[in-house]
Number of protein chains: 2
Amino acid sequence: MKENHAITIRDIAKKAGVSQATISKILNDYPDVSQKTKERVFRIMEEAGYRPSHSARTLAQKTSKLIGVVYAGRINADFDHPFFIEVLNAFKRTIGMHGYDLLFFSDETFQKEENFYARCLYYKVDGCIIIAGEDVQQSIEDLTKSEIPCIGVDIQLDGPKSGYVMTDNKKISQSVVDYFYLQGHRDIAYIGGANESAVSNIRLKGFRESIHEYGLTLRPEWVIEGDFFEQSGYEAGLSLFKGNAQKPTAVFSSSDLMAFGFMRAMQELGVSIPGDVSLVGCDDQLAARYVQPPLTTVRQNKEKIGRLAALMLLDFIAGRASTARILVEPELIGRETTASLLL
Amino acid sequence: MKENHAITIRDIAKKAGVSQATISKILNDYPDVSQKTKERVFRIMEEAGYRPSHSARTLAQKTSKLIGVVYAGRINADFDHPFFIEVLNAFKRTIGMHGYDLLFFSDETFQKEENFYARCLYYKVDGCIIIAGEDVQQSIEDLTKSEIPCIGVDIQLDGPKSGYVMTDNKKISQSVVDYFYLQGHRDIAYIGGANESAVSNIRLKGFRESIHEYGLTLRPEWVIEGDFFEQSGYEAGLSLFKGNAQKPTAVFSSSDLMAFGFMRAMQELGVSIPGDVSLVGCDDQLAARYVQPPLTTVRQNKEKIGRLAALMLLDFIAGRASTARILVEPELIGRETTASLLL
DNA sequence: CTGAAAGCGCTTACAG
DNA sequence: CTGAAAGCGCTTACAG
C-alpha cells in the first residue's frame with residue numbers, strides 16, 4: 001500500500017496471478033476472459049484502489065476519447081454568448097453518453113503561435129466541435145482540412161471529415177418577411193449584424209430575396225448595418241426614424257439586443273411599438289420576454305443543433321459518415337411588438 | 001515523410017544527429033543546451049512537422065497541465081447558468097495564460113459509478129475548479145479531501161489543498177436591508193432560493209440578522225421559500241399581496257428571475273412598483289435592465305471571482321499556498337423598482 | 001554541453 | 001481462455 005507509486009495494471013496482475021494482458025482485456029471488455037477470472041480481478045482492483053491512466057492508454061491506443069472544443073473567431077468568443085452555451089450544453093450531454101469528455105482550448109492569443117490543429121494532435125482528440133464567432137481566423141483552416149473529424153456550428157466546414165449544422169438562416173429572414181407581409185406591412189427595414197459574420201450575411205441575403213419575391217421595393221437606407229449589440233440597434237432606430245424621410249412600418253432586427261436598442265430609440269422619439277412600427281428580433285434571449293412590450297422574435301433550436309452536432313460527429317469518428325450538412329428550422333415566436341395593419 | 005507513423009522525438013534526434021535527451025531538453029527549455037544545437041533542432045522540427053504528444057509527456061512527467069472543471073450538484077448544473085458561465089470565462093482566460101487547458105467532465109449520471117476523484121486521477125489533472133449548484137452530491141467529497149488542488153466557487157471546500165472564493169452572500173442581504181432602511185422601509189419581505197442551496201441559506205441568515213440589527217420585526221409569512229425560478233417568484237408575490245394580511249413595503253428577491261415573476265404578480269394584482277412596493281432582485285441578469293421598470297438588483301463580481309479562483313488554484317498547484325478563503329464584495333445596482341418613503 | 005538507458009502504464013499482435 | 005514481449009513517445013537521473 002505504498003502511496004507514492006501509483007497502483008498499476010502490473011500490480012493487479014501480480015496479485016491476481018495472471019498476466020498484464022489479461023487485466024487489459026478485462027478493462028477493455030474483451031469477450032474472451034473467463035467470468036471467474038474477471039470477477040476475481042475486479043475484486044482485487046477494488047481492494048487495491050486501482051485507477052487506470054488516461055495517458056498510458058492514449059499513448060498505446062492512439063485515441064483519447066476526448067473532443068476538442070474550438071471557438072473560432074473574434075468577440076463573443078467567450079462562453080457567455082447564449083447561443084454558444086446552449087448548443088454546447090446539448091452537445092456535451094449527448095457526447096457524454098458515449099463516453100467522451102470535452103477539452104476546451106484556452107484562447108490561442110496567449111499561446112505562442114500554436115494553432116488549433118497542432119493542439120488537436122498534441123492531445124490526440126478524436127474529434128472537434130468548432131463554433132463560429134465573427135471574423136473566423138485562418139488558423140482553423142488546417143484543422144478542418146485535416147483528417148480529424150470536425151463538426152461546425154454556424155460555420156460551413158468542408159474538409160474530408162467534416163460537416164456542419166446550423167439554423168436555416170435564410171429561412172429566418174423569409175419567415176419574418178412572410179409574417180410582416182401577412183400583417184399588411186409593405187415597408188420593411190432591416191438591421192443587420194456584423195458583416196464579418198457569415199450567418200449575418202446569409203440573413204441579409206435571405207431578406208433581400210424575400211422582399212423581391214413579394215415584389216416589394218427595398219430602400220437602400222432601410223438596410224442598416226449593426227454589430228449585434230444594443231447600442232447599434234439604438235443608433236439604427238435613430239437613423240431610421242429621426243429625419244423626415246419615409247419611415248418603415250416594420251423592422252426586422254437580426255438580434256434581440258439590437259431590437260432592445262431600437263425600442264429604446266423609439267421610446268425617446270415617442271414612436272409607439274407596435275402602434276407606429278412593428279418589430280421582430282432574433283435569438284429569443286431571456287430578456288425578450290421581459291421587455292415592454294414583449295418582443296416578437298425568432299428562436300433557433302439550440303438543443304437540436306447541439307444534439308445533431310454530437311451525433312454527426314460521432315458518426316464521423318466511427319466512420320459511418322464522412323460529411324453532412326444540416327439546416328435546422330427556425331421558429332418565429334409571436335409576442336407583442338408586432339401588429340397587423342389590416343384590421 | 002510517411003504519414004502513418006507520427007514523427008517522434010527519435011526521428012528528430014536522428015536527423016539532427018543528437019540524442020533524444022537533448023531534444024527533450026530543448027522542448028522543455030532546459031538551459032544547458034548550446035544555442036547552435038537549439039536552432040538547428042528547431043529548424044528540423046519545423047521541416048519535419050514534428051508534433052509533441054501530450055500523453056507521452058503526461059505519462060513520463062505525471063502532470064498533465066490540465067484543469068478539471070466540475071459542476072457539483074443538481075439543476076442549473078448546466079452551462080447555461082449565467083453566473084457559472086461568466087465566472088468560468090474569467091477563470092479560463094487567466095488559467096490559459098499559464099498554459100493550462102480545461103477539461104470538462106461530462107455528467108456523471110451517464111457514467112457507471114465513476115466519481116470525480118477517479119476521473120481526476122485518470123486524467124492526472126493538476127487541479128480542479130468545483131462550481132456549486134444545489135444539493136451538492138457526496139461524490140465530490142473524495143475529490144476535495146484528496147491531495148489534488150481544488151478551488152471551490154460558491155462552495156466551501158476544506159481539504160488539505162483546497163479553498164474557495166465566493167461573493168460575501170451575507171453582505172448581499174445586509175446591503176439590501178441597509179438600502180431599504182435608508183429609504184424608510186420598515187416592512188421588508190424576503191423571497192429565498194432553493195433551501196438545498198448553501199448560498200441561499202447564507203443569504204437568508206444574513207437577511208434575518210440585518211433585520212434584527214435594525215430592531216425590525218420579521219413576520220414569518222414574509223419569508224417565502226422559492227426555487228430561484230420565475231414561477232416561484234410569481235407565487236410568492238401572490239401569497240404576499242393577495243389576502244387581507246398586512247403587506248410589506250419592500251421585497252428582496254434573492255434572484256432576478258423570481259423578481260420578474262413577482263413583478264408579473266403585482267401587475268395582475270394592480271400593485272404598483274415602486275409606488276406600492278419596492279423590489280430588489282439579485283444577479284443582475286441582462287433582462288434586469290430591460291424589464292419595466294428596470295430592476296434594482298445586486299451584482300456579483302463574476303470576473304473577479306473567476307480570476308481569483310484561477311490565481312488561487314495556481315498557487316495551490318505551485319505549492320505557494322495550500323488554502324484560502326476569499327469573500328468578494330457584492331454591489332447593489334440602483335434602478336427603478338425602488339423608491340424612498342421619506343419624501 | 002551531450003548521451004545511453006531505464007521507465008512512465010498501458011495495449012496489441014502473436015503464440016499457445 | 002491466457003501470457004511473453006515489444007511498443008506507444010516522451011522524461012529523468014546519471015555518467016561523462
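Just so it is clear: chains get the letters A, B, ... in the order the sequence lines come, proteins before strands, and each one is counted from 1.
- C:dA5 atom P lies 12 Å from atom CZ of B:Arg10, rounded to whole Å.
- The existence of a salt bridge linking A:Arg307 and A:Glu303 is confirmed by a sub-4.0 Å separation between a basic side-chain nitrogen and an acidic carboxylate oxygen.
- Rounded to a whole Å, the NE2 atom of A:His54 is 19 Å from the P atom of D:dC8.
- The phosphate of C:dT2 has neither OP1 nor OP2 within less than 4.0 Å of any side-chain N or O from B:Thr22.
- For the pair B:Tyr123 OH and C:dG9 C1', the interatomic distance rounds to 16 Å; values are reported in whole Å.
- A straight line from CG of A:Leu59 to C1' of D:dA6 spans 13 Å, rounded to a whole angstrom.
- Distance alone, capped at 3.5 Å, is enough to place a donor-acceptor pair between the B:His54 side chain and the B:Ser64 backbone.
- Here D:dC10 presents its P atom at 17 Å from NZ of B:Lys124, a figure rounded to the nearest Å.
- Under the 3.5 Å distance criterion, the side-chain polar atoms of B:Asp126 are matched with a main-chain donor or acceptor of B:Lys65.
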Review point. Once each nucleotide of nucleotides 11-16 of chain C is scored for protein heavy atoms under 4.0 Å, what B/S/- sequence comes out, 5' to 3'?
Key: BB----
Practice item. Apply the test side-chain hydrogen bond (donor to acceptor under 3.5 Å, both in side chains) to residues B:Thr22 and B:Ser19: give CA-CA distance (whole Å), side-chain angles for both, the deciding distance (0.1 Å), then the verdict. Key: CA-CA 5 Å; B:Thr22 300; B:Ser19 73; 3.2 Å; yes
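- For the OP1/OP2 pair of C:dG7 and a distance below 4.0 Å, the side-chain nitrogens and oxygens of B:Lys62 include no atom meeting the criterion.
- B:Ser34 has a side-chain polar atom (N or O) that falls below the 4.0 Å cut-off from OP1 or OP2 of C:dT2.
- Pairs of Watson-Crick or G-U wobble type, with distances under 3.5 Å, assemble into runs of 3 or more in DNA chain C at these ranges: C:1-3 with D:14-16, C:5-12 with D:5-12, C:14-16 with D:1-3.
- Taking OH of A:Tyr123 as the start and OG1 of B:Thr58 as the end, the distance is 8.0 Å to the nearest 0.5 Å.
- If you find the closest nucleotide of DNA chain D to B:Tyr50 and to A:Val18, the one lying nearer the 5' end belongs to A:Val18.
- Residue B:Ser19 places at least one side-chain N or O under 4.0 Å from the OP1 or OP2 atom of C:dG3.
- If you take OG1 on B:Thr167 and CZ on B:Phe83, they are separated by 5.5 Å, rounding to the nearest 0.5 Å.
- Note that the OH atom of B:Tyr164 and the OG1 atom of B:Thr323 stand 8.5 Å from one another [nearest 0.5 Å].
- For the pair A:Ile7 CD1 and C:dC8 P, the computed distance is 14 Å after rounding to whole Å.
- Atoms CD (A:Gln35) and P (D:dT2) sit 11 Å apart, rounded to a whole Å.
- Backbone-only engagement by B:Thr37 is indicated by non-hydrogen atom pairs under 4.0 Å involving sugar-phosphate atoms exclusively.
- The aromatic rings of A:Phe84 and A:Tyr71 stand perpendicular to each other, their planes meeting at an angle above 60°, with 30° marking the opposite boundary.
- Put simply, CG on B:Leu103 and CG on B:Asp101 are 9.5 Å apart, with the number rounded to the nearest 0.5 Å.
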